[in-house]
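Since the structure comes first, as structure tokens, the remarks are kept for the end.
To find a chain, count down the sequence lines: A is the first, B the second, and so on, and within it residues start at 1. All values reported here derive from a predicted model rather than from experimental measurement.
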Protein chains: 2
Amino acid sequence: MPEGLQDGPNIALIASLVGDPARANMLTALMTGAALTASELALEAGVTLPTASSHLAKLMDGGLLSVASEGRHRYYALSGPQVAAMLEAIMGVAASVGPKRVRPGPREATMREARVCYDHLAGEHAVKMMDGFVERGVIVRDGRTVTLGPLGASYFAMRGIDTANLGTSRRPVCRDCLDWSVRRSHLAGALGAAILDRILAEKWARREKDSRVVAFSPKGRTAFERTFLA
Amino acid sequence: MPEGLQDGPNIALIASLVGDPARANMLTALMTGAALTASELALEAGVTLPTASSHLAKLMDGGLLSVASEGRHRYYALSGPQVAAMLEAIMGVAASVGPKRVRPGPREATMREARVCYDHLAGEHAVKMMDGFVERGVIVRDGRTVTLGPLGASYFAMRGIDTANLGTSRRPVCRDCLDWSVRRSHLAGALGAAILDRILAEKWARREKDSRVVAFSPKGRTAFERTFLA
DNA sequence: GGCATAGTTTGATCTCCATCGAAGCGTGAT
DNA sequence: ATCACGCTTCGATGGAGATCAAACTATGCC
């Protein structure tokens, strides 16, 4: 069947790369434009590190991703805007074709509410919190880059988080992370991680074993809201 | 491990449909906008009829195709312009990362110059035309959304295209579609289709049989340029 | 009716690849 | 040095799906 057809280039190869659920999740996670590490992407895709590594190699080989080694981390990103445009187009078709909403399910519901995204909080609570930060000028958003606002340092200091200390690592203090359950974004970066630490340390919520779910207790939730949503 | 985490639309499902070589060949064959029978598509894909039938059922189920029974034939077609746009976008990525296509080839050259993209014109001519429209304010671009500019209606009316009539369908009048041969975009939507209709009606160009190629005649080309590029 | 053509369905086969555990290899910290 | 951590490679397993032949259905033709 050597059939010399193939109008344009190898469309099937590219599409099949996106056609695997794990890889599709990784790619959508990278749609923020931010670069993510292999571990973060593994978590986002719901697979183990070796599996993720294999997928990343394939995506690299297919030219969809670029990588930057930094210390012992490897930051993966979409190789260019063309790839992002393609993903948008596919999303467009997928959205128009089928509401296809899989039943939310009980597990999904709690996941939507609050879950861990690598090392920070994601889900509705996280999105609300992020919105509040921006509205109050604690955090300033410029497109997809977010930074600590003028009121930020004192705001977090009052809540027991020393933002100055977070700047030590190479990691950005603030980063924006797209939420799959809501169409909005939440706070990642060192600050996002610190906030989650605080939530767990205060025992406002606990992590379910072997799951990304973060389960708030009733009074934990109100404490959290009083602290970070007001 | 149940990590079902769809980002909303099921992008992996759609992409995996395109990700099979046989299906990809069928879809690209349908990019001409014409409807083809199952047998023709089987031939185009290089598989037997049963296999093709199975693929067509999957594509139907995924919402990428529509079908019309006529006598003992079943005519399959792309379910809409959105699907065509997605395919073009995938082609764009595949072309840009293309591991050195064997050679441009004569067929490929004419495709780059002018071809059909579902129901509108694509290729260098189409991109130049789109650029001219935007530059002259006939069409206004805002990011990826394009709309008819203030001068648009009279511009097209003078050229025999009634833009008011185009608004009747649910389809957008203007739409932006990525070109895989050039890295720019061209005009799709009802208006894009109307322009192609005009080009063919005036016999400035004719469509090659069983191909996406649009072949301009020498004087047809100058007439086209005088009309839509000036 | 009877035959031919267009398509689908069924069932069985076979290949490919996603997945994970374990081991290997860097880099950074102590 | 030594340990910890991030990531990749290796090897084995399992499952999904692409494929075709043959049987079946439906339509058109005579």
Worksheet item: Quick one: is A:Thr37 getting a side-chain N or O under 4.0 Å of the D:dG6 phosphate, OP1 or OP2?
Response: no
Worksheet item: Is any side-chain nitrogen or oxygen of A:Thr48 closer than 4.0 Å to OP1 or OP2 of C:dC20?
Response: yes
SB check [X] [Y] (cutoff 4.0 Å):
{"X": "A:Glu202", "Y": "A:Arg198", "answer": "yes"}
{"X": "B:Arg212", "Y": "B:Glu88", "answer": "yes"}
{"X": "A:Glu113", "Y": "A:Lys128", "answer": "no"}

Practice prompt. Output every pair passing salt bridge (Lys or Arg N to Asp or Glu O under 4.0 Å) with a member in residues 156-165 of chain A, not counting sequence neighbours, ordered by first then second residue.
Written response: none
Whole angstrom is fine here: how far is it from [atom1] in [X] over to [atom2] in [N]?
{"X": "B:His73", "N": "C:dA4", "atom1": "NE2", "atom2": "P", "value": "17 Å"}
{"X": "B:Glu70", "N": "D:dG28", "atom1": "CD", "atom2": "C1'", "value": "14 Å"}
{"X": "B:Arg72", "N": "D:dT27", "atom1": "CZ", "atom2": "C1'", "value": "6 Å"}
{"X": "B:Asp61", "N": "C:dT9", "atom1": "CG", "atom2": "P", "value": "12 Å"}
{"X": "A:Asn25", "N": "C:dT19", "atom1": "CG", "atom2": "P", "value": "10 Å"}

Discussion item. I want to check something: taking the side chain as every heavy atom from C-beta on, are A:Leu121 and A:Leu187 in contact at a cut-off of under 4.5 Å?
Written reply: no
Practice prompt. Report the residues that fulfil side-chain hydrogen bond (donor to acceptor under 3.5 Å, both in side chains) with B:Ser39, sequence neighbours left out, ordered by chain and then residue number.
Written response: none
Worksheet item: Who are the side-chain hydrogen bond (donor to acceptor under 3.5 Å, both in side chains) partners of B:Ser54, not counting sequence neighbours?
Response: B:Lys58
Discussion item. Roughly what angle, to 10°, lies between the helix axis at the start of the helix from C:dG1-D:dC30 to C:dT30-D:dA1 and the one at its end, five pairs per end?
Written reply: 30°
Worksheet item: For A:His55, what residues pass the ring pair (Phe, Tyr, Trp, His ring centres under 6.0 Å) criterion, not counting sequence neighbours?
Response: none
Worksheet item: What string of B, S and - do you get for nucleotides 8-18 of chain D, 5' to 3', when a contact is any protein heavy atom under 4.0 Å?
Response: BB--------S
